[in-house]
J.: 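One structure is given below, represented as structure tokens, and several questions about it will come after.
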Amino acid sequence: MTMGDLASGQGWQVSDVVCTAGAGDRPFEEEHRTFCIAAVTSGTFRYRTRQGMAMLAPGAILLGNPGACYECGHEHGAGDRCLSFHFAPAYMEGIVADVPGTRRLGFAAPRLPPLPALAPLLAEAEAARETADSDAFEELGLRIAGAVVAAASGSTRTCKPPSHRDQKRVAEAVRLIELEADRPLSLTELADGTATSPYHFLRTFRQVAGTTPYQFLLKTRLHRAAVRLRTSGEAISAIAFEAGFDDLSTFNRRFRRVMGEAPGAYRARRRIS
């Protein structure tokens with residue numbers, strides 16, 4: 001088994017876990033050190049823990065509680081791959097407290113089957129893994145955790161409309177992003193600035209602004225870069241770094257995805273027109 005750390009922060013971590021075990025390999029017992037929410041992206045395997053036993057296939061979600069021992073087996077096929085999100089108990093407690101209709105900290109079942117409500121989120125997470133978009137995982141982890149907690153508890157209650165105070169908090173965060181988009185701005189930092197938990201802040205920001213903080217930050221950076229490409233003769237690399245991107249390849253990839261063409265082609269076509 002190989003485990004690659006994709007991103008991490010205070011109280012959370014996400015890893016790309018690749019297992020090559022097969023039917024002839026003897027399973028061994030391990031222990032969850034934190035809350036685990038692992039999305040299976042390929043392969044199948046058997047998962048056994050104190051909550052029960054389940055067969056996991058692509059689209060299913062493995063659920064693990066801190067201190068729980070577990071065992072994985074591959075009697076029916078070799079190999080699997082998972083996006084594994086890990087949350088410290090205090091971090092998960094904050095998520096549970098902000099999911100309407102849920103108050104229980106801990107999973108009663110070993111897995112969630114593939115659910116239509118989770119499919120778009122899991123596709124976003126897998127795309128972030130494939131494009132090495134590590135900055136997206138803090139938000140994705142919170143969104144997936146919130147959706148999984150709601151699904152596991154059977155909660156169907158919807159979130160309350162954002163209060164006037166929440167709207168003011170989002171407006172303040174938007175202003176901060178606009179002022180300091182050229183530097184790293186984590187979800188935790190933005191939430192701390194509004195004195196709310198990261199999950200509550202993310203949820204209310206999406207309700208008020210219609211997008212996530214990371215998506216708004218990325219849009220702001222790309223917009224400013226596009227304006228600079230049209231109005232200045234600076235090197236593309238200089239524009240990318242000044243806009244807040246860490247490296248040119250990341251900027252080129254995201255600019256092309258959002259604007260529909262590479263930065264160089266965008267600049268050349270605008271100059272011709």
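Computed from heavy atoms alone, side chains included, the values below leave out hydrogens, waters and symmetry copies.
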J.: May I have the step-by-step check of salt bridge (charged side-chain N to carboxylate O under 4.0 Å, His left out) for Glu178 and Arg175, ending in yes or no?
T.: CA-CA 5 Å; Glu178 290 179 321; Arg175 284 195 291 271; over 6 Å; no

J.: What do the steps show when you test Arg221 against Asp182 for salt bridge (charged side-chain N to carboxylate O under 4.0 Å, His left out), and what is the final call?
T.: CA-CA 7 Å; Arg221 288 174 173 173; Asp182 58 343; over 6 Å; no

J.: Please assess Phe205 against Asp166 for the test side-chain contact (heavy atoms from CB on, under 4.5 Å), listing each intermediate value before the final yes or no.
T.: CA-CA 8 Å; Phe205 193 101; Asp166 280 333; over 6 Å; no

J.: Using the rule that Ile, Leu, Val, Met, Phe, Trp and Tyr join whenever any side-chain heavy atoms are under 4.5 Å apart, tell me whether Tyr214 and Phe85 fall into a single cluster.
T.: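 No, separate clusters.
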
J.: Run the ring-ring contact (aromatic ring centres under 6.0 Å, His included) check on His86 and Phe35 step by step: do they pass?
T.: CA-CA 6 Å; His86 300 269; Phe35 284 101; over 10 Å; no

J.: Within this structure, what is the CD-CD distance for the pair Glu138 and Gln10, rounded to the nearest 0.5 Å?
T.: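 The distance works out to 10.0 Å.
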
J.: Please step through side-chain contact (heavy atoms from CB on, under 4.5 Å) for the pair Thr250 and Asp133, ending with a clear verdict.
T.: CA-CA 8 Å; Thr250 298; Asp133 190 0; over 6 Å; no

J.: Between Met53 and Arg111, is a side-chain contact (heavy atoms from CB on, under 4.5 Å) present by the stated rule, with each step listed?
T.: CA-CA 9 Å; Met53 187 182 76; Arg111 63 126 200 194; over 6 Å; no

J.: Is there a path of hydrophobic side-chain contacts, each under 4.5 Å between heavy atoms of I/L/V/M/F/W/Y residues, joining Leu115 to Leu62?
T.: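 In one cluster with Leu62: Leu115, no.
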
J.: Specify the closest pair of heavy atoms between Leu122 and Ala39, including all atoms of both residues, with the distance to one decimal.
T.: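 Taking every non-hydrogen atom into account, CD2-CB, 3.7 Å.
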
J.: Relative to the ring of Phe255, is the ring of Tyr266 parallel (under 30°), tilted (30 to 60°) or perpendicular (over 60°)?
T.: perpendicular

J.: Does a side-chain heavy-atom distance below 4.5 Å link Ser232 with Arg267?
T.: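 The answer is yes, as the side chains (C-beta and beyond) meet within the 4.5 Å cut-off.
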
J.: Determine, stepwise, if the pair Glu180 / Arg183 fulfils salt bridge (charged side-chain N to carboxylate O under 4.0 Å, His left out).
T.: CA-CA 6 Å; Glu180 303 188 34; Arg183 72 171 181 86; 2.3 Å; yes

J.: Would you say the side chain of Gln167 lies within less than 4.5 Å of the side chain of Arg169, judging by non-hydrogen atoms?
T.: no

J.: Restricting to non-hydrogen atoms, name the atom on Glu71 and the atom on Phe28 that form the minimum distance, rounded to 0.1 Å.
T.: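 Minimum heavy-atom contact is CG-O, 3.9 Å.
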
J.: Using a 4.5 Å cut-off on heavy atoms from C-beta on, say whether the side chain of His200 contacts that of Thr204.
T.: yes

J.: Run the side chain to side chain donor-acceptor pair (under 3.5 Å) test on Arg129 and Thr41 for me, step by step, so that the C-alpha distance in whole Å, both residues' side-chain angles and the decisive distance to 0.1 Å come before the verdict.
T.: CA-CA 11 Å; Arg129 181 186 67 187; Thr41 59; 3.2 Å; yes

J.: Honestly curious: do Val14 and Leu112 fall in one hydrophobic cluster under the side-chain, below-4.5 Å linking rule?
T.: yes

J.: State, to 0.1 Å, how close Thr102 and Ala150 come at their nearest heavy-atom pair, and which atoms those are.
T.: CG2-CA, 4.4 Å

J.: Check for me, please, whether Val148 and Met92 land in the same ILVMFWY cluster - side-chain distances under 4.5 Å, paths through other members count.
T.: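 Yes, same cluster.
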
J.: Please give me the minimum heavy-atom distance between Leu190 and Ala173, naming the atom from each residue.
T.: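 So the minimum-distance heavy-atom pair works out to CD2-O, 4.5 Å.
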
J.: Would Asp80 and His74 count as a side chain to side chain donor-acceptor pair (under 3.5 Å) if you check the C-alpha gap in whole Å, the side-chain angles of each, and the deciding distance to 0.1 Å?
T.: CA-CA 9 Å; Asp80 62 83; His74 291 78; 2.5 Å; yes

J.: What are the two closest heavy atoms between Leu142 and Leu187, and how far apart are they?
T.: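 Closest pair (atom of Leu142, atom of Leu187, distance): CD1-CD2, 3.1 Å.
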
J.: Looking just at side-chain N and O atoms, do Glu139 and Thr212 make a donor-acceptor pair shorter than 3.5 Å?
T.: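 Judged by distance alone, the side chains do pair up.
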
J.: Does a donor on one side chain and an acceptor on the other come within less than 3.5 Å for Thr188 and Ser186?
T.: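 Short answer, no.
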
J.: What are the two closest non-hydrogen atoms of Asp247 and Phe241, and how far apart are they?
T.: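 Between these two residues, the closest heavy atoms are CA-CE2, 3.7 Å.
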
J.: Under the criterion side-chain contact (heavy atoms from CB on, under 4.5 Å), I'd like the reasoning laid out for Ser237 against Leu248: C-alpha separation, chi angles, the key distance, then a yes or no.
T.: CA-CA 6 Å; Ser237 59; Leu248 186 58; 4.2 Å; yes

J.: Please say yes or no: joined through hydrophobic side-chain contacts below 4.5 Å, possibly via intermediate residues, are Leu185 and Val208 part of one cluster?
T.: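 Same cluster.
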
J.: What do the steps show when you test Arg228 against Glu242 for salt bridge (charged side-chain N to carboxylate O under 4.0 Å, His left out), and what is the final call?
T.: CA-CA 10 Å; Arg228 295 286 293 280; Glu242 288 170 11; 2.7 Å; yes

